[in-house]
Amino acid sequence: MKEGHYDHLAIEAKWQKYWDREKLFTAKTGAKAPKAYTLDMFAYPSGDGLHVGHPRGYIATDIFARYYRMRGMNVLRPVGWDAFGLPAENYAIKVGKPPAETTKENIKRFTKQLKSLGFVYDWEREINTSEPEYYKWTQWLFKVLYDNGYAYQKEAYANWCPSCQTVLANEQVANGRCERCDTLVEQKLLKQWFFKITDFADELISGLDKVDWPESTKVGQRNWIGRSEGASLKFQIPNSKFQIEVFTTRADTMFGATYLVLAPEHPVIKNEKLKIKNLEEVAQYIETTKKKSELERQIQKEKTGVQLEGVTAVNPATGKEIPIWVADYVLMDYGTGAIMAVPAHDERDFEFAKKFDLPVERVIKGGELPSTGHGQLINSGEFSGRNSMAAAADMAKQFGGKMQIQYKLHDWLISRQRYWGAPIPIIYKKGQPMLVEEKDLPVMLPTDVDFKPTGQSPLLGSKEFQKDVEKKYGKGARRELDTMDTFVCSSWYFLRYCDPHNEKEFADKKSLKYWMPVDLYIGGAEHTNGHLLYARFITKVLHKLGYLNFDEPFLKLRHQGLILAPDGEKMSKSRGNVINPDDLIAKYGADTLRVYEMFMGPFDQTVAWDTNGVTGVRKFLERAYKLVQERKSALASEDSSVHRLVKKVTEDIEEMKFNTVVSGMMEFVNDMSRVKDGGWTESFVKVLAPFAPHLAEEMWQKILGKQKSVFASTWPTFDPSKIAHTTVVIVVQEKGKLRGTVNLPAGASKDEVLTAVMQDERLAKIAKMASREVFVPDKIINFV
RNA sequence: GGGCAGGUGGUGGAACGGUAUACACGAAGGACUUAAAAUCCUUUGCCGGUAAUACGGCUUGUGGGUUCGAAUCCCACCCUGCCCACCA
C-alpha cells in the first residue's frame, strides 16, 4: 500500500455513523449561543438521482454549518423534500407506479446519496411536502390568504401547456414555452385561483434594499416586477358609449398620438355594437396572430396589423379623430391592452407608422425621428414651450386622465389540473366557493385516481375525494378538483423547519422568532423570479397578518455556479454526459469530491467538470494524512505559517472563496513537508475539517488521540503579531521594471534598503543613475 | 435591443495599485519496476540569446489615459456567457 493512502470507504462510513450517533448537529431552539440558520434550496426527488453538479451548493452550506458549529454557534441545517409536482408525477407516469410510491423510493435514494457525502443535516427536522402533516399547513396557508382577500378566483386567459395538460404561472413560461417540457404554451380562457402578489409589488421592490443578495438577482426581480409610472388616458369613440383606455409613460406626447393600437385579444373588438366594417379581415388577422403568436415573435419583429375600418377615436388633447388599429405588437398582458401610438417619439410606433403610412406628428423639439428623449414641447397647444418631463402629469390631468403605476408582475396563478399536488381546500355549493373549515384540514389527496393528465383535473373521477363532502357541507357540495402549484409548497418550507412537527400551528411563534430569518441561503440562480419571489411574497403576507415579526425571509443569498460536463455542455441524461457522484465517492471518497468541487473555481462561477483534477485533490489529502501521521509527536511551537493559514482560511470561508482556501491548504502542506516542526497539526486539522470532515475527524481522534469530535473543538484563532514575516523581500525596480530583490529584516528604513542596494554592483549602478526613488516600506524601491 | 457577469499559460484558475502566471491539471524527462500502474524527483508563459549557464526583451481581449509603478483605476471599442426581451 502506498504511503499516505487511506481507506476512504471505511473511514467515511465510520465517522458518518459517529456524527449521527453524537447528534452534534441537532439544532436546539432557544439555546443561548448565537443561532446560524444555514439553508439549501431543498431538492425535488426526481428519478434521476443526483449528478455531480447538485451537491456544489450543499457542500458550501455543509462547510458553513461545520465552521459555525466550531465557532460555537447554534446551527440549524435542515433537510427536506419538495416532493409534489410535475417532475415527480411525470416520472411516476413513465415508470407506471403511483407518484406516492416513486417519490418514496426517490427520497430513499437521495437520502443515501446525501448521507454518503457526509452532510450533517439535522434529520430530526426532515420534511416532505407531499405528506399530509406538511400539506395540511399548505392548505392552511391558502385559507389564510383567502380569508384576507389575497386568494381569489377569476376567469382569465391563462398559459396552458398542452403537453403537461395544465395551466402555468407566468413565471413558469420562458419565451412562450413551458419551462418543464419546452412545449409551446397556448392561451386558454379558464376560471382559476390566483394569489394577489401584485398587492405587494412595491414592498417586493423596496425590500430588496435591506437584504444581502447578488445584485444580478435583485435586478432580475426588479425587472420582473417591472414597475413603471405613467398615466391612464381615455379615448372616446364618437357616437358610441365606448372608450378606449390606454396606459402610457409618456403622457407628455399626447398631441403626437396619431392613432390607437389594440391588442388582438382586446375585448372591445368582439363587441358587435362597434360596427367594424372589415370585421372579417380583422377576425382573420386575430386568428393568424393567435397561431403564430409566440413562435414568430422571437427576433423577427416585423410589424403587422389591420385597421378597424369605420371606427375612430378622439384624441382628447387635439380633439381630432384618429384611426384605430389592431396589431400584435401590443400585448393584452400589459397595461390595458391598448396604446396611443406616438410615432414621432417611439421606435415601435414609428416603424409601424412607416409601414402603414400613418401620420407622424413631432411634438418634442430636436433630434432625428423617432426621438425618444425628453425635451421642449412643440405643437402641443398651451403646453408648447414647456419641458416634456415636467408637463406630463399636468397634461394627463388636463385631458381627463390620471397618473397610474403599472407593473409587469401579474397575480400568481396557483391552480393546476394535475394530480400530484396539495388539494385546494375549497368546497363549491351551488357554484359558490367556500373554504374547508380548519378542523377538517388536511383535505387528503385521494388514491383512487388515474393520475395520467387528461386536461381535466385527475381528481374528477375520485369517489374517495368527494366522500363525506355532502354529509359535512350539505347536498350538492363538491370539492375543488385542482391542486396547488408546487411553488406554494416551497414558498413557506423554511418556516416549517423551525418547528417541523407542530400539529397545532404551521410553526410556533417562539421557534420562528428564534430561528428566522434565514442567515445564509444557497441555491440556483434559476429561482430568481419563481421560488425566491413567491417565498418573499408569502413572508410579507404572513408578516402583515401578524404571524411573523420579519418581512424578508432570506438575509443573505448566494448562488452556486453550474457544473458543466467535461464537454462544456449541460449535464443531461439525453446527452449521456452525466457524471455520477456515487462512482466518484466509491473510487476517491466523499472528502475528495467535496474538496475538489470547492477547488474547481470560484463558487458562483460556471465550471466544466474535469475528473483528472479530482486525482490532484486526492493526492493532496493523502499527503496531508501522511504528514499529520509523521509530525504528530514532534515537539515544537506554532510558527507563523500556521497563523497565516488560519487567517487565510477563516477570511476566505467568510467570503466564500473556497477555491483559495483549498489552494492555501495545499501550499501549507507542501511547505510543511520541508519542515520537521509539528506544532501546527491541531490547527491544520481543524481548518481542514469543514472541507474534508471524515479525514479530519480520523486525524483528530485516531492520530492526535482526541477524545471528542473535531467539530466539538473550537475554531483556531490566529495571532496577528505572529503573522508578520521577520524578513522581507524588497523588490528593486527601475522605472517600474523589476531589476532585482534584496532580503532585509522587516521594517527596514529607506536608508537601510539603499545601503543593501549599494552592495549589489548591478543594482548600485541603477541607483546611482536615478534622479529620485519611490520607497514603500517592506515592499518596493523604485528608481526613476 | 436592454441588464448582469466575464475575457490572464496547452487547461481550470491565483493575484485585484507594488516580484503576473500561486495552487492544481496536462505535457516532457528521470528514479523505482522484468513491465505497467501507483508513488517520488526535475522541467514547463512566449521570443531572442548561449554548448549550457548568464543575460535581455515581450506578455493579463484591443486601443488610449492616470500613476514612480496598472491584469487591477478611468475612457472607447471588440468578443464570450447568462438573464430579460415589441412592457407603451
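Below, chain A is the first sequence line, B the second, and so on; all start at residue 1. This structure is a prediction, so every number in the text was calculated from the model and none was measured.
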Q) Is the shortest side-chain N/O distance from A:Lys737 to OP1 or OP2 of B:C58 below 4.0 Å? A)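 Yes, because at least one side-chain N or O of A:Lys737 sits under 4.0 Å from OP1 or OP2 of B:C58.
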(Q) Can you see if the side chain of A:Lys355 gets near the phosphate of B:C86 - specifically, an N or O under 4.0 Å from OP1 or OP2? (A)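 So the side-chain polar atoms of A:Lys355 never come under 4.0 Å of the phosphate oxygens OP1 or OP2 of B:C86.
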Q: Rounded off to whole Å, could you give me the CZ-to-P distance for the A:Arg227 and B:A88 pair?
A: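 A:Arg227 atom CZ is separated from B:A88 atom P by 13 Å.
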Q: Provide, to the nearest angstrom, the distance between the CG atom belonging to A:Asn223 and the P atom belonging to B:C4.
A: 9 Å
Rounding to the closest angstrom, what is the interatomic distance between [N] and [M] at atom [atom1]?
{"N": "B:A54", "M": "B:G48", "atom1": "C1'", "answer": "14 Å"}
{"N": "B:G63", "M": "B:U8", "atom1": "P", "answer": "16 Å"}
{"N": "B:C74", "M": "B:U21", "atom1": "P", "answer": "24 Å"}
{"N": "B:G12", "M": "B:G7", "atom1": "P", "answer": "12 Å"}
{"N": "B:A22", "M": "B:G13", "atom1": "C1'", "answer": "10 Å"}

Q: Please work out whether the ring planes of A:Tyr329 and A:Phe352 are parallel, tilted or perpendicular, with thresholds of 30° and 60°.
A: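 It falls in the tilted class, 30° to 60°.
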Q: Measure the acute angle between the ring planes of A:His531 and A:His527, then classify it against the limits of 30° and 60° as parallel, tilted or perpendicular.
A: perpendicular
(Q) Regarding A:Thr528, tell me which of base, sugar-phosphate or nothing describes its non-hydrogen contacts under 4.0 Å with the strands shown. (A) nothing
Q.
Heavy atoms only, 4.0 Å cut-off, all strands: where does A:Glu215 land among base, sugar-phosphate and nothing?
A. nothing
**Q.** Closest to side chain of A:Thr249, choosing from B:A88, B:C86, B:G3
**A.**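 The answer is B:A88, which lies nearest to the side chain.
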Q | Pair listing, side chain to side chain donor-acceptor pair (under 3.5 Å) test, anchored in residues 759-773 of chain A, at least two apart | A | A:Lys750-A:Glu773
Q: Quick one: the dot-bracket string of RNA chain B, using Watson-Crick and G-U wobble pairs with both distances under 3.5 Å, [ ] for crossing pairs and | for bases paired to another strand.
A: (((((((..(((.....[....)))((((((.......))))))((((......))))..(((((..]....))))))))))))....
Q. What's the base orientation of B:G10: syn (chi within 90° of 0) or anti?
A. anti
Q. Along nucleotides 18-25 of chain B, 5' to 3', which nucleotides get a B, which get an S, and which get a -, given that the test is a protein heavy-atom distance under 4.0 Å?
A. BB--BBSS
